[in-house]
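We name chains A, B, ... by the order of the sequence lines, and we start the count at 1 in each one. All values reported here derive from a predicted model rather than from experimental measurement. We use all heavy atoms of the structure for the numbers below, so side chains are in, but hydrogens, waters and symmetry mates are not.
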Protein chains: 2
Amino acid sequence: MATRTEAESGRRPPGETATRILDIAEELVQVRGFNGFSYADVARRLKITNASLHYHFHAKADLGSALVERYRRRFIESLGAIDHEAGRADARLAAYVRLYADVFRSQRMCLCGMLAAEYQTLPAGMQELIVDFFDENESWLARVLEEGASEGSLALDGPPRERARALIGGLEGAMLVARPYDDVERFSAIASQLTSGLAARADGSGAAATAMDEFSRRA
Amino acid sequence: MATRTEAESGRRPPGETATRILDIAEELVQVRGFNGFSYADVARRLKITNASLHYHFHAKADLGSALVERYRRRFIESLGAIDHEAGRADARLAAYVRLYADVFRSQRMCLCGMLAAEYQTLPAGMQELIVDFFDENESWLARVLEEGASEGSLALDGPPRERARALIGGLEGAMLVARPYDDVERFSAIASQLTSGLAARADGSGAAATAMDEFSRRA
DNA sequence: GTCTATAGGCAGATAGAC
DNA sequence: GTCTATCTGCCTATAGAC
């Protein structure tokens, strides 16, 4: 049960059980919050005992940190994939919005958005990692916005980092307020408004139809 | 200790102790979340026993509902006050943004924003009240946007309710992502971007300086 | 790695005296 | 209205057998 999936995904510091713990805990945190789930919840779903969990993650704070760490890493990897696949900056921005839409569709909150709400109750280690997550998102997005402005695919008015922050806040907020309605359309309608102001303008006021509009509509 | 402050504030279905319980619990929820505080926390701060709390609010769910009810009522009252005081729609929008800025400045999350994150873990009664809060905010804001468009103080492109939803999401999200940084400027910078797109345009692209910009800058 | 057993504390909640 | 005392259950965490 231990020597099987080692070669399946390359890197795996956490063992297979640890990975499954992270998977379950991740969903629980995204749905219920860090203060809204317990080791017992994870143990029940994994059909393992509470004590076994502590073997893999000594304390809940350790599990929490591992959770944010993995989520952050995967998110950054997704950004790398977007850079690799998509061409124009407006398409990359649209893909970024789709990352959030995908999370919302799975009826979860963004892990770090949820933890931002609970921020003041979290262990210091988790707090630092959460800040890292937002900082790195901001850097990536700011770069996309700048490149979009350079190549003419995005209309950027204002400092890119400030615009990036507003976008991240807007997307997190869209998830948050659409949550009680459990309605993807509600999320998407907000998201498309966030990006429509960045659509490159052919004329004075109206936003031209771009690949980005296409994407964010369908997100 | 009971017959003193009765005439101080007019209406008071909850007694004085109940009011103080609500005050303390409100802060706790806005900072720590509904799942992040306990009756014992409130009891400690109020210097009263756990059992006494149950006299005023039979179960935690009842306290939670009373909390949302009061927050909603007060928020709506604030909107009424804005309607009464402020003249132009852009000034009313700016005042609306200031409501959120004031909450953020007190190092709290919007009560209903916090509860939106925890939504799926909350008692049904609280869930309904939270939806009411957002619905009423949306209605009020949509009306302001429409009036702004009519009188020419706001540039409204798109359905007012959709724009209202995006604004609410943007403000809640701004609070959320600025939280880990504990930085009012970070909140305000996002908020001003949310409203700048609505500033009435004198010419084609640049946003004119209006009372709204003034307010949201200083918020 | 997983288990049983258990510690020690805190959660929400109730009974009944004052 | 507030108290003491108490219940039951869940929480995080540990010891030690297998």
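With rounding to whole Å, Arg32(A) atom CZ is found 14 Å from dC11(D) atom C1'. The NZ atom of Lys47(A) sits 17 Å away from the C1' atom of dC3(C) (whole-angstrom rounding). A straight line from OH of Tyr39(A) to P of dG8(C) spans 20 Å, rounded to a whole angstrom. His56(B) has its NE2 atom 17 Å from the C1' atom of dG12(C), to the nearest Å. The distance from atom CG of Leu53(B) to atom P of dA11(C) is 12 Å, rounded to the nearest whole Å. Regarding Asn35(B), its CG atom lies at a distance of 12 Å from the P atom of dC11(D), rounded to whole Å. Here dT2(C) presents its P atom at 4 Å from CD1 of Ile48(A), a figure rounded to the nearest Å.
In terms of modelled atom types and a separation under 3.5 Å, the side chain of Tyr100(B) and the main chain of Ala174(B) share no donor-acceptor contact. Panel note: side chain Glu118(B), backbone Arg32(A); no donor-acceptor pair is recorded below 3.5 Å.
Distances were taken from every side-chain heavy atom of Ala59(B) (C-beta onward) to each of dT2(D), dA13(C), dT12(D); the shortest belongs to dA13(C). Nearest nucleotide to the Asn50(B) side chain, out of dA11(C), dA13(C), dG1(C): dA13(C).
One finds no side-chain N or O of His58(B) lying less than 4.0 angstrom from the OP1 or OP2 phosphate oxygen of dG12(C). Applying the 4.0 Å criterion to OP1 and OP2 of dA15(C), one finds that His54(B) has every side-chain N and O outside that range. A close approach under 4.0 Å does not occur between any side-chain nitrogen or oxygen of Ser52(A) and OP1 or OP2 of dG1(C). Within the 4.0 Å cut-off from OP1 or OP2 of dT4(C), not a single side-chain nitrogen or oxygen of Thr49(A) is found.
Place Asp41(A) and Ala51(A) on DNA chain D by their nearest nucleotides, and Asp41(A) ends up nearer the 5' end.
Counting any heavy atom pair closer than 4.0 Å across all strands shown, Tyr55(B) reaches a base atom. No engagement by Phe57(B) is indicated, since no non-hydrogen atom pair under 4.0 Å with the nucleic acid exists.
A side chain to side chain contact (heavy atoms under 4.5 Å, CB included) with Leu53(A) is found for exactly one of Thr17(A), Leu63(A), Ile48(A), namely Ile48(A).
A parallel orientation is assigned to the rings of Phe187(B) and Phe104(B), their planes being inclined by less than 30° (bins at 30° and 60°).
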- Message: Applying side-chain contact (heavy atoms from CB on, under 4.5 Å) to Trp140(A) and Asp83(A), what does each step give before you reach the verdict?
- Response: CA-CA 10 Å; Trp140(A) 183 87; Asp83(A) 282 332; 2.9 Å; yes
